A.B. asks: 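Structure incoming, see below.
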Number of protein chains: 2
Amino acid sequence: MRVTMHDVAQRAGVSIKTVSNVVNGYPHIRPETRRRVEEAIEHLGYRLNTTARNLRTQRTDMITLAVPELRLPYFAELADSVIRSAEEQGLTVLIEQTGSVREREIELLDGRRRHLTDGVIFSPLALGQDDVGLFEVDFPLVVLGERVFDAPADHVTMNNVAAARAATLHLASLGRTRIAVVGAHEGELVGSAALRTEGYRQGLAAAGLPYDPALVSEAGLWHRSTGSESMARLLDSGVEIDAVFALNDAMALGALHALHARRIEVPGDVALIGFDDVDDVRYSVPTLSSVDPGREQIARTAVDLLVERIAGGDERPFRRVIPDSRVVGRESTGDAAEGMEKVVTVQPGGNEEIVSPVSATA
Amino acid sequence: MRVTMHDVAQRAGVSIKTVSNVVNGYPHIRPETRRRVEEAIEHLGYRLNTTARNLRTQRTDMITLAVPELRLPYFAELADSVIRSAEEQGLTVLIEQTGSVREREIELLDGRRRHLTDGVIFSPLALGQDDVGLFEVDFPLVVLGERVFDAPADHVTMNNVAAARAATLHLASLGRTRIAVVGAHEGELVGSAALRTEGYRQGLAAAGLPYDPALVSEAGLWHRSTGSESMARLLDSGVEIDAVFALNDAMALGALHALHARRIEVPGDVALIGFDDVDDVRYSVPTLSSVDPGREQIARTAVDLLVERIAGGDERPFRRVIPDSRVVGRESTGDAAEGMEKVVTVQPGGNEEIVSPVSATA
DNA sequence: TTGTAAGCGTTATCAT
DNA sequence: ATGATAACGCTTACAA
């Protein structure tokens, strides 16, 4: 059988409590006692049983991160950042892939796995504003993204409208007047697509450009393939275009691919900007301008909020945090080359921390 | 306080054992009893406490996947595949990022977290053949990659030498004679770099081309940035080049970037092939030829082997499995465009399953 | 400073 | 088909 604290205690000639104290770094232990215990631990190859501790303490020191898919670079990088932040707080991260499947996202909230981790950071993609009721859960929860607002939970999101507006203005500032959008979701009122499209319209208006529906191209899932297809459709439609705002970087890379296939020069013929500022865009040909939504800050904030909730009980109201975002100009909008990107902060002060009117109930 | 089985039992007027039976789908229960229990569960909002179950059953139904970094697309995609395979077997995956830090990799093997999950799939990057002794652990372990061979554990790896040889021959078959390597590790005898460089040399020999050290460029970590720098050094050295074999895709994308920065045409002036076949390469400009090491199969096999070890005790000898790899020709080597890649399987039958001479001891 | 004993919420054994 | 009860390995009052 496995070695337990009892075995260690026996060999060291002390009680199990003393072993526990040593293992947990309790300070008031006679050096000689500590030495004997440590010797026994070493000799027997004892390992603390985390499960037993978790049961007793009612904590796991694990948190769940639920994202659609790790193969999407944005979420891989987000996961990386969350894992690092969690580690600094002594937490281990369990990753759930929902695959953007509605049932899986619902399962996540129904508490079936309530006792597996101390809390959940959840980036929904299938659920929407209508499902806001599902977010009233009895465990610590931090919501990410733009699908659901005013859920009874802390929320870290981004300044989508303002950032998209800035991206559009960045294209307009190059003198481009036929600015297309790749990745729109017709008819949607919530979510990244709706908000970024709204920002695009505001940007056009601010630049004095007309809004032309023919310039807005749809894409379902925001992958490279759909971006490529969405761009291709736009080009095949024969509409005149001199700039493209892809609503995320994956689609921007796909769009770049489609443009290249038709021997259209970027940024010569068509300027291009994406959204997310993933690692990829620094090494595409040409390098891609993008909007950095403050991913690092999102991850850190989410972990911090969750840790507060886990530790502090449920006394404070829910918060919404919006990190700073920045437009990063690279070659695809004729900006500086590697290492010399042109960076513009979107709406400084936009990261105001809004205290939600809903009070905690969890 | 939280709702436990006791509370459910009380409300349903049965014993706790019966509740447990219902929860675990034990078949021999009177329908009426089951109904009452289910009503009580529903009414009280009871959730099974996984931690308590884990303590009692000595299983967690979780496995650990330890990779260097999720932001490296290869590992993000591997993690995705592992999570999916694990899920099919009812397992949850805990991801550890080692950051290729030696101490962290050692910690992983020292069993400190022994009881957190049922087993570990480990892709080492800092440890090497000299550390093979550390792999003698008392928990189920599957090793991935090329850093360590003949460890006392199951091992899923790839046919590095043969695949690199095939990649090199693919370049030679285009009539290229000055084939460079990006990403070599001078002096190393184990690991992907050494094996792939060896395959490169074999490929040259098979094509009747001389080996020229001036064509071999180093890179430490295999990132886009280092690939770009490694390529740049090669170009700055003035040596004549008409093809490049980048030892992974990240570096290939970096190399593509460096080539473009110097207005060198791919594949016109220089043909380029990478290794890993990550999603990225299908959407770069031009699309990138690569070697698919069978990532899906690697993930599935690793999970299967681990599950066997967890379930079956330790009776069978350790196995080494080598999935099929394929050379996928795309635009960067003048091959067909999107959707019509030229695919060549490397050494069919190369996935022989070698039973290692070391017997199980775990 | 260290020991004793109760209990965390399950599952498993053995009755009945 | 169901119940009583003892573990699982740890932490934590409370005692000493």
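Lettering follows sequence order; numbering is per chain, from 1. Worth saying up front: this structure is predicted, and the values here are computed from it rather than measured.
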A.B. asks: Can you see if the side chain of S20(B) gets near the phosphate of dT11(C) - specifically, an N or O under 4.0 Å from OP1 or OP2?
C.D. replies: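 Yes, S20(B) has a side-chain N/O under 4.0 Å of OP1/OP2 on dT11(C).
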A.B. asks: Counting only distance, no hydrogens or angles, is the base of dT10(C) paired donor-acceptor with the side chain of R53(B) under 3.5 Å?
C.D. replies: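 Between dT10(C) and R53(B), which were checked side chain against base, a qualifying N/O pair under 3.5 Å is absent.
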A.B. asks: So what does T51(A) touch, heavy atoms closer than 4.0 Å: a base, only the sugar-phosphate, or nothing?
C.D. replies: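 The residue T51(A) makes no contact with any strand.
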A.B. asks: With a 4.0 Å cut-off on heavy atoms, is L48(B) in touch with a base, just the backbone sugar-phosphate, or nothing at all?
C.D. replies: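 Answer is sugar-phosphate: L48(B) comes under 4.0 Å of backbone atoms only.
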A.B. asks: Can you find a side-chain donor-acceptor pair between T157(B) and E146(B) that sits under 3.5 Å?
C.D. replies: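 A donor-acceptor contact under 3.5 Å links the two side chains.
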A.B. asks: N54(B) near the nucleic acid: base, sugar-phosphate alone, or nothing, with a heavy-atom cut-off under 4.0 Å?
C.D. replies: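 It contacts nothing in the nucleic acid.
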A.B. asks: Has the side chain of R56(A) got a donor or acceptor that lies under 3.5 Å from a partner of the other kind on the base of dT11(D)?
C.D. replies: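 Indeed there is one.
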A.B. asks: Touch check for L55(B), heavy atoms < 4.0 angstrom, all strands: base, sugar-phosphate only, or nothing?
C.D. replies: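 The answer is base, as L55(B) lies within the cut-off (heavy atoms under 4.0 Å) of a base atom.
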A.B. asks: Check every strand shown and say whether R34(B) touches a base, only sugar-phosphate, or nothing at a heavy-atom separation below 4.0 Å.
C.D. replies: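 It contacts nothing in the nucleic acid.
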A.B. asks: Within a strict 4.5 Å, meaning less than it, do heavy atoms of the F135(A) and L141(A) side chains meet?
C.D. replies: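 Result yes, sub-4.5 Å side-chain heavy-atom pair found.
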A.B. asks: Step through it carefully: locate the ring centre of H155(A), locate the ring centre of F318(A), and say whether they are under 6.0 Å apart.
C.D. replies: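 No, the ring centres sit 6.0 Å or more apart.
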A.B. asks: Under 4.0 Å between a side-chain N/O of T4(B) and OP1 or OP2 of dG9(C), yes or no?
C.D. replies: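 Answer is no, no contact under 4.0 Å.
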A.B. asks: So does E42(B) have more than 12 non-hydrogen atoms from other groups sitting under 6.0 Å from CD?
C.D. replies: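 Not buried by this count: 12 neighbours or fewer within 6.0 Å.
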A.B. asks: How would you label the contact of T50(A) with the nucleic acid (heavy atoms, under 4.0 Å): base, sugar-phosphate, or nothing?
C.D. replies: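 No contact.
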A.B. asks: Taking only the side-chain nitrogens and oxygens of Q58(B), find out if one of them lies under 4.0 Å from OP1 or OP2 of dT11(C).
C.D. replies: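 Q58(B) to dT11(C) OP1/OP2: no side-chain N or O under 4.0 Å.
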